[in-house]
J.: 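Once you've had a glance at the structure underneath, I'll fire off some questions.
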2 protein chains.
Amino acid sequence: MISTAEENYLKAVFKLETELQGTVPTGALAQSFNIQAPSVTDMVKKLASKKLLRYEKSKGVRLTDKGRKIAVAIVRKHRIWETFLVQTLEFRWDEVHALAEQLEHVHSEELIDRLDTFLGHPKIDPHGDPIPDKNGKIQATRAITLKMGEPGNTYKLIGIREDSIELLQFLNKLKIGLGSVLFIEDRESFDQSLRVKVDNKAQGFLSAIVANALLVVDA
Amino acid sequence: MISTAEENYLKAVFKLETELQGTVPTGALAQSFNIQAPSVTDMVKKLASKKLLRYEKSKGVRLTDKGRKIAVAIVRKHRIWETFLVQTLEFRWDEVHALAEQLEHVHSEELIDRLDTFLGHPKIDPHGDPIPDKNGKIQATRAITLKMGEPGNTYKLIGIREDSIELLQFLNKLKIGLGSVLFIEDRESFDQSLRVKVDNKAQGFLSAIVANALLVVDA
DNA sequence: TAATAAAATTAGGTAAGCCTAAAAATATTT
DNA sequence: AAATATTTTTAGGCTTACCTAATTTTATTA
Ligand SMILES: [Mn+2]
Ligand SMILES: [Mn+2]
Ligand SMILES: [Mn+2]
Ligand SMILES: [Mn+2]
């Protein structure tokens, strides 16, 4: 049996592997859980002994296929639950992450499959993140971040690259949501912030940090 | 914060207090969790120190008002989740208990309230057990067990007094479910088993043990 | 490359929730 | 009321998932 803590480690390694494009140092895991480094060293040794990841001392870890399979299954559960909470129970997109963090650890394939069917096999969650299918296949996206966009171009928001409630609520304030049309009027060279129009209404500046979290496609 | 283990203890004490009509000995808890007695002694001391129950050494425990409130809230969650699983996700009544045992520990009032609303404020769960309302009020039932019924009388099944999957599946086989009409033809004096007709079709004998788990009202 | 800084590991410890073995308290039989 | 049986508690241990302090390894800078 796999514990909630172990599942969370695998999920975090999965995420960090993509972000860091390779081996995940133990320190990155410590930071992401807000725990101390030695706790991570212990745990990755255990996960390595279970063949869920490979651990190179003082270098970091990589998921094994077995570990990645579990990680993706949890991401799938997380996103299906988030979709259920927003679509069916009418929570706002900024309210569901913490709940999904709990629900993703409920052990039952059958439950997730039925939820998935009930929801009509959704392809993305309320934040635009792709929902892995039953076989662990994740829809590739050709989205870029708004930060990479060009002044004079128009983009459509299709995802948020962040779990932060604060960011989601900030976007609520700006009346920006999935599907919003963002026109880049200008990029301020001083801080790389962007002056944008949202849905054709003048809006103001988005910091480079925010722009970097917004996944967009050409509109 | 209250842990899953602690919540399970409170729920069990709540159940056993009614069944035993009073103080719950530690041994009864050990038996109900299939764990050893010393583990229970430890835990009830902790719960007593948290004022969730009163503990008299070598006698047993009683819930405090604070403890009972938590216990009832968990029973409410358990039954709402079971209702959701059967009503919305179309699980069978014998499939949902173990899942609800996990889901009942998800911490969120809001989630349960929204589920409750989504389900239309159900009064009973798929096994006929009353769902406590938001204030912890539990609908009193004037049901008796079929065992207490009289030959010649007709009853309607409104609840099952048991969490056993085996019993539920046995009832499935007998085509007995909530709402079934049970006519007691005879009581066998040797073993107190009952010869019954189910929904007007001859059925055969129900053991006293089964009859004792069936909650019925006059039909 | 030697010195220094940063990151990771080792060593030893804690709380939660379980365990076994032994002792004590309570209940039942004779 | 003794003797015996049953139930409960005490004492000491184990595992999981964390911790701090000290040490070692790796990376950076002089
Ligand atoms: Mn999320
Ligand atoms: Mn999401
Ligand atoms: Mn149940
Ligand atoms: Mn039930």
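Every chain is numbered from 1 and lettered A, B, ... according to where its sequence line falls, protein lines coming before strand lines.
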J.: Kindly state each residue pair satisfying side chain to side chain donor-acceptor pair (under 3.5 Å) with at least one member in residues 19-33 of chain B, sequence neighbours excluded.
T.: none
J.: Encode nucleotides 4-10 of chain C as B, S and - characters from 5' to 3', where the letter depends on protein heavy atoms closer than 4.0 Å: B to the base, S only to sugar-phosphate, - to neither.
T.: ----SBB
J.: Hey, does the side chain of Lys77(B) reach the backbone of Val106(B) with a donor-acceptor pair shorter than 3.5 angstrom?
T.: yes
J.: Using 0.5 Å steps for rounding, measure from the CG atom of Leu171(B) to the CG atom of Leu157(B).
T.: 7.5 Å
J.: According to side chain to side chain donor-acceptor pair (under 3.5 Å), who are the partners of Glu104(B), at least two apart in sequence or on a separate chain?
T.: Lys11(B), His78(B)
J.: For the CG atom on Asp191(B), are there more than 12 heavy atoms of other groups (residues, nucleotides or ligands in this structure) within a distance under 6.0 Å?
T.: yes
J.: Strictly below 4.0 Å, heavy-atom distances to any atom of DNA chain D: list the hits from residues 7-14 of chain B, or just say none.
T.: none
J.: For Met1(B) and dA15(C), what is the distance between atoms CE and C1' respectively, to the nearest whole Å?
T.: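 So the CE-C1' distance, Met1(B) to dA15(C), works out to 17 Å.
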J.: Test: side chain to side chain donor-acceptor pair (under 3.5 Å). Region: residues 126-147 of chain A. Which pairs qualify, not counting sequence neighbours?
T.: Glu82(A)-His127(A), Asp113(A)-Lys134(A)
J.: Output the rounded distance in Å from CE (Met43(A)) to P (dC19(D)).
T.: 12 Å
J.: Nearest whole Å is fine: how far is dA22(C) P from Gln36(B) CD?
T.: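 It works out to 15 Å between those atoms.
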J.: How many Å lie between CG on Leu20(B) and P on dT7(D), as a whole number?
T.: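 Answer to the nearest Å: 14 Å.
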J.: To the nearest Å, give me how far apart CG (Leu47(A)) and P (dT16(D)) are.
T.: 12 Å
J.: Considering residues at least two apart in sequence or located in another chain, which fulfil the side chain to side chain donor-acceptor pair (under 3.5 Å) criterion with Glu162(A)?
T.: none
J.: Given atom CD of Gln31(B) and atom C1' of dT8(D), what is their separation to the nearest angstrom?
T.: 14 Å
J.: To the nearest Å, how far apart are Ile35(B) CD1 and dT8(D) P?
T.: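 Between P of dT8(D) and CD1 of Ile35(B): 13 Å.
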J.: Assess the side chains of Gln102(B) and His107(A): does a donor N or O sit below 3.5 Å from an acceptor N or O?
T.: no
